[in-house]
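My questions will all concern the structure given below.
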Protein chains: 2
Amino acid sequence: MKPNKTRSRATGRVTLADVAALAKVSPITVSRALRGERAVASDLTDRVKTAALKLGYTPDPAARALASRHSDHVAVLIPMLSNNLFVDVLESIQKTLRHAGYQSLIGITHYDTREEEQLLREQLQHRPAGILVTGLDRSDAARELIEKSGIPCVHMMELAQSPDVNSVGFSQTQAAMTLTEHLLQRGRQRIAFAAAQLDPRTMQRLDGWRKALKAVKLYDKALSYTNKSPSSMALGGEMLQHIMANDPSIDAIFFCNDDLAQGALLAAQRLKIKVPQQLAIAGFNDLTGSDLIGPGLTTIRTPRAAIGEAAAKMLLNLMREEDVPTPSVDVGYELMVRGST
Amino acid sequence: MKPNKTRSRATGRVTLADVAALAKVSPITVSRALRGERAVASDLTDRVKTAALKLGYTPDPAARALASRHSDHVAVLIPMLSNNLFVDVLESIQKTLRHAGYQSLIGITHYDTREEEQLLREQLQHRPAGILVTGLDRSDAARELIEKSGIPCVHMMELAQSPDVNSVGFSQTQAAMTLTEHLLQRGRQRIAFAAAQLDPRTMQRLDGWRKALKAVKLYDKALSYTNKSPSSMALGGEMLQHIMANDPSIDAIFFCNDDLAQGALLAAQRLKIKVPQQLAIAGFNDLTGSDLIGPGLTTIRTPRAAIGEAAAKMLLNLMREEDVPTPSVDVGYELMVRGST
DNA sequence: CTGAAAGCGCTTACAG
DNA sequence: CTGAAAGCGCTTACAG
């Protein structure tokens with residue numbers, strides 16, 4: 001047992017060997033005792049843990065990654081942080097993962113499948129222990145990268161059909177139907193759908209709106225307004241103005257996201273459009289401010305924190321090679337009726 | 001030159017040795033040619049690069065980190081993502097760093113120095129190549145951790161006095177003075193300061209407000225309203241109501257952040273307080289929506305993207321052991337006068 | 001249940 | 001300018 005060899009390249013950091021020397025066991029026993037990987041006699045385990053604590057030992061993530069072929073990183077791919085939605089998802093992911101000893105490696109895709117693919121390639125270099133992605137739509141190459149890596153992956157925000165695909169989310173289509181039906185119950189006849197960004201989930205909401213209107217024979221494709229620009233309050237105001245100028249018969253607008261709807265509400269104030277008397281306005285996601293703006297915005301509350309937490313927990317199960325109760329977790333949604341409808 | 005040895009633990013990944021074999025040089029030459037670390041004959045460099053490209057070689061970050069004692073990670077510590085401010089800072093950091101081949105490791109401190117210290121400890125395990133932190137105030141232990149690590153660090157949002165401390169930001173105090181002076185020029189006499197969260201930068205703004213008022217003998221400490229709760233639109237509304245009920249003589253309120261001011265503006269609508277006739281309202285940061293809300297919010301526009309980019313670039317210089325032009329970069333700020341004052 | 005040996009894929013430090 | 005050797009700090013795979 002050589003004490004403190006002064007090699008030229010030593011990092012000065014406390015190593016497994018140091019703990020082993022103090023505990024008077026072999027390094028591999030320290031490794032096993034600390035990870036709980038294989039049964040180690042309980043008296044040895046105690047000695048090891050005491051020694052590790054005494055020396056303030058923490059394993060080197062790089063060495064561990066190199067030897068085990070898995071880092072303690074989890075790749076997290078989300079479309080955008082400026083959409084507040086994903087901030088909530090991310091915060092609860094980080095919290096859950098950190099607690100379990102994992103580091104989140106965050107990649108912002110900007111709703112671009114090629115950027116997502118590129119990020120995935122970069123992240124995969126780090127041999128992440130797990131992957132968290134947004135939605136089910138992506139490039140074939142990206143799908144293949146995930147598949148071939150053999151690394152566990154959970155999809156967020158939507159619900160997958162196949163039992164081979166792990167997902168945590170809710171039915172975007174169903175939620176949009178619920179909101180549209182609420183507008184119908186309020187007696188609205190000409191219900192427009194206004195969408196920006198046009199990402200897959202937005203299109204699913206459009207689908208829900210269409211289905212609900214078709215069911216009561218009120219669907220008119222001229223009522224659908226779409227804009228590829230990113231969603232924003234400013235754009236919502238512009239869209240409101242455009243829509244009402246284009247078709248004054250419209251008596252309700254369902255915006256695909258709350259920021260658009262909030263911007264529309266502010267624009268309605270300027271344009272002296274009475275909400276909800278003349279026009280009902282609804283949004284989606286229940287973002288910050290939607291309850292404070294005048295009148296309060298009717299919307300669908302989506303459980304972002306719950307999605308992040310459930311997805312992270314499912315991934316934790318998968319990374320530990322434990323069984324997951326179900327590959328598809330539906331966290332639901334809630335209709336929030338306020339003054340704007 | 002052994003071709004493709006099938007060792008039991010091989011990862012299947014293309015290694016330096018594979019590239020060396022193809023280029024008919026030693027692995028170390030490949031390493032040097034690819035990193036440009038030391039002069040390598042240009043014909044060898046060409047052969048190596050061609051071989052690397054052909055095999056699709058990418059270095060293993062874990063192996064590199066273990067051998068060199070530095071990962072390609074940069075630790076980024078920010079207070080909160082739900083404050084939109086930091087989303088902008090973060091996006092531009094990520095963009096700049098990724099482009100240079102570095103990965104951001106994001107830690108959210110929740111404005112808590114102990115959490116920051118804990119995150120720092122965790123991040124330091126990964127031997128980051130650089131550190132980006134928010135503000136200058138932190139625990140002594142955190143400061144020492146950074147110092148002892150010897151890892152280059154840049155401080156964001158504020159301007160450091162000492163030339164030993166690298167920083168990118170602007171004078172929070174000065175900016176608050178500018179805004180307060182604007183209110184004075186508008187003829188306001190009883191200018192309140194309303195603050196939440198009470199983080200160091202908020203307190204610096206309070207200081208600027210105090211200085212500006214003292215200069216014209218209008219300072220009254222009863223005009224200062226502080227609340228430790230996190231800043232939010234809802235809180236802004238509550239604070240407005242409280243302040244006006246408490247002291248109806250107040251003719252202007254300077255909120256330390258736009259979300260508070262936006263909430264106050266919405267509350268003023270409900271409470272039928274005329275803005276700016278009866279009461280001027282101003283904010284700080286120029287967040288999303290401040291230009292759209294009615295009346296437009298007068299505020300200080302802070303260059304978040306510029307801070308993120310400049311901080312990342314300075315860190316890049318430091319990590320490459322290049323000289324930095326100046327340790328303290330002042331990105332300035334801009335007074336945005338709108339309808340609310 | 002425990003350990004000695006080998007290896008993960010790089011870079012450092014030393015020679016030449 | 002180039003390379004053989006050793007080492008970074010762990011874990012895997014094989015024995016016993």
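A, B, ... follow the sequence lines: proteins, then strands. Residue 1 opens every chain.
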(Q) Rounding to an integer number of Å, can you tell me how far B:Arg64 CZ sits from C:dT12 C1'? (A)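 Distance, rounded to whole Å: 14 Å.
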Query raised in the report: A:Leu66 has an atom CG; how far is it from atom C1' of C:dT11, in whole Å?
Result: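 In whole Å, C:dT11 C1' and A:Leu66 CG are 12 Å from each other.
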task = Between C:dG3, D:dC10, C:dA13, spot the one nearest the side chain of B:Arg32, thanks.
result =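 Closest nucleotide among those given: C:dA13.
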Rounded distance (Å) that lies between atom P of D:dT2 and atom NZ of B:Lys24
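Nearest whole value for this atom pair: 17 Å.
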(message) Could you tell me how far apart A:Arg69 (CZ) and C:dC8 (P) are, to the nearest whole angstrom?
(response)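 Taking CZ of A:Arg69 and P of C:dC8, I get 9 Å after rounding.
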- Task: Just jot down the side-chain hydrogen bond (donor to acceptor under 3.5 Å, both in side chains) partners of A:Arg64, sequence neighbours excluded, or say none.
- Result: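 A:Arg64: no side-chain hydrogen bond (donor to acceptor under 3.5 Å, both in side chains) contacts found.
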**Q.** Closest-nucleotide 5' rank along DNA chain D - winner of A:Tyr57 and B:Ser26
**A.**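 Comparing both residues, the 5'-ward one is B:Ser26.
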Discussion item. Taking the minimum atom-to-atom distance to the side chain of B:Val25, which one of D:dT11, D:dG3, C:dG3 wins?
Written reply: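 In terms of side-chain proximity for B:Val25, the closest of D:dT11, D:dG3, C:dG3 is D:dG3.
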Quiz item: Tell me: CD1 of A:Ile28 to C1' of C:dT2, nearest whole Å?
Solution: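 A:Ile28 atom CD1 is separated from C:dT2 atom C1' by 10 Å.
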task: Could you please name the option among D:dC10, D:dA4, C:dT2 that lies closest to any side-chain atom of A:Ala67?
output: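 The listed nucleotide nearest to A:Ala67's side chain is D:dC10.
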**Asked** Whole Å only: how far is the NE2 atom of B:His126 from the C1' atom of D:dC8?
**Response**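 Computing the B:His126:NE2 to D:dC8:C1' distance gives 16 Å.
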message = Which residues pass the side chain to side chain contact (heavy atoms under 4.5 Å, CB included) test with A:Ser92, not counting sequence neighbours?
response =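 Here the qualifying residues are A:Ala305, A:Glu309.
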Practice prompt. Respond yes when some side-chain nitrogen or oxygen of B:Ser31 is under 4.0 Å from OP1 or OP2 of C:dC10, and no when none is.
Written response: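 For C:dC10, OP1/OP2 do not have a side-chain N/O of B:Ser31 under 4.0 Å.
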Query raised in the report: Between B:Leu16 (CG) and C:dC10 (P), how many Å, whole number?
Result: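 Rounding to the nearest Å, CG of B:Leu16 and P of C:dC10 are 5 Å apart.
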Just distance, no hydrogens or angles: give the donor-acceptor pairs under 3.5 Å from side chains in residues 107-114 of chain B, sequence neighbours left out.
from     : atom 1 : to       : atom 2 : distance (Å)
B:Thr109 : OG1    : B:Tyr111 : N      : 3.2
B:His110 : ND1    : B:Glu115 : OE1    : 3.2
B:His110 : ND1    : B:Glu115 : OE2    : 3.3
B:His110 : NE2    : A:Glu91  : OE1    : 3.2
B:Asp112 : OD1    : B:Arg114 : N      : 2.7
B:Asp112 : OD1    : B:Glu115 : N      : 3.3

ask   = Which residues pass the side chain to side chain contact (heavy atoms under 4.5 Å, CB included) test with A:Thr58, sequence neighbours left out?
value =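 A:Thr58 satisfies side chain to side chain contact (heavy atoms under 4.5 Å, CB included) with A:Arg13, B:Gln125 once adjacent residues are dropped.
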Looking at residues at least two apart in the chain, or sitting in another chain, which of them share a side chain to side chain contact (heavy atoms under 4.5 Å, CB included) with A:Ala312?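 Testing A:Ala312 for side chain to side chain contact (heavy atoms under 4.5 Å, CB included), a comparison that skips the adjacent residues, returns A:Thr96, A:Leu97.
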Exercise for review: Let me know, please, whether B:Ala63 or B:Leu44 comes out on the 5' side of the other along DNA chain D by nearest nucleotide.
Suggested key: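 Final value for this comparison: B:Leu44.
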Review point. Are B:His73 and A:His73 close enough, and set up right, to give a ring pair (Phe, Tyr, Trp, His ring centres under 6.0 Å), and what steps lead you there?
Key: CA-CA 11 Å; B:His73 292 306; A:His73 292 308; 4.7 Å; yes
Given Watson-Crick and G-U pairs under 3.5 Å, DNA chain D in dot-bracket ([ ] crossing, | other strand) is |||.||||||||.|||
For the backbone of B:Leu77 and the side chain of B:Thr134, can you confirm whether one donor and one acceptor N or O come within less than 3.5 Å of each other?
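Such a contact is found between B:Thr134 side chain and B:Leu77 backbone.
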* Starting at atom CZ of A:Arg13, determine the distance to atom P of D:dC10, rounded to an integer number of angstrom. =>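 Rounded to the whole Å, the gap is 7 Å.
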Examine D:dG3: is either OP1 or OP2 under 4.0 Å from a nitrogen or oxygen in the side chain of B:Thr29? Give yes or no.
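Yes, B:Thr29 has a side-chain N/O under 4.0 Å of OP1/OP2 on D:dG3.
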